[in-house]
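Please read the structure below before turning to the comments.
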Amino acid sequence: MLNTRSWGFGLLMAVVLLIITPLSEAYQVPIPTPPKGRGGQCVEDTQFMRRNHMNLIFHKRDLTMRQGIRTPTHSLKECIGCHAGQRPDGTYIPANDEGQFCQSCHSYVGAQPDCFECHATTPAILPANQP
């Protein structure tokens, strides 16, 4: 004889699964696809940068602010120079604008970088007569 309690629980679970499955797919957050940089090769491997860029930025900050050592390797200025997007007219899109390089991943992970409270979000453009 079939146990009606087991049968009722099984039916309830089936209904719940039928309701939850489409809803879970509708609420999935797409993995970010930040725009590619303009340089040929990043200073480090992509996977390394995804995991460690913040450590590099902190280390660079400490060297620059506390010891006065300035080099282009791992500098935020160099990152922005490569990763700030450009519009068709050649003007730069700030790297922290919606959908741009920095913002696309930081929004995905819920991080609020404070770099741009002091630092430029677009590269400095040199006058035409300067190297």
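Throughout, residue positions are numbered sequentially from 1 according to the sequence presented.
- Residue pairs meeting the side chain to side chain donor-acceptor pair (under 3.5 Å) criterion with at least one member in residues 60-71, sequence neighbours excluded, are K60-T71, D62-R66.
- N52 CG to H59 NE2: the interatomic distance, rounded to the nearest 0.5 Å, is 12.5 Å.
- Under the 4.5 Å side-chain heavy-atom criterion for grouping Ile, Leu, Val, Met, Phe, Trp and Tyr, V109 is connected to I31 within one hydrophobic cluster.
- Note that CG of N96 is 12.5 Å distant from NE2 of H119, once rounded to the nearest 0.5 Å.
- Judged as a ring pair (Phe, Tyr, Trp, His ring centres under 6.0 Å), and not counting sequence neighbours, H74 has no contacts.
- Applying the side chain to side chain contact (heavy atoms under 4.5 Å, CB included) criterion to D89, with sequence neighbours excluded, gives R87, T91.
- By the side chain to side chain contact (heavy atoms under 4.5 Å, CB included) test, E117 pairs with D114, sequence neighbours left out.
- Side-chain contacts under 4.5 Å among hydrophobic residues (ILVMFWY), followed directly or transitively, place I69 together with L63.
- Under the 4.5 angstrom side-chain criterion for Ile, Leu, Val, Met, Phe, Trp and Tyr, the cluster partners of F48 are M49, L56.
- Contacts classified as side chain to side chain donor-acceptor pair (under 3.5 Å) and involving residues 97-106 (residues at least two apart or in different chains) are given here: Q103-S107.
- Listed here is the closest heavy atom pair of P35 and F101: O-CD1, 3.2 Å.
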Can you give me every donor-acceptor pair (side chain of residues 76-84, partner residue at least two apart or in another chain, under 3.5 Å) with its distance?
none

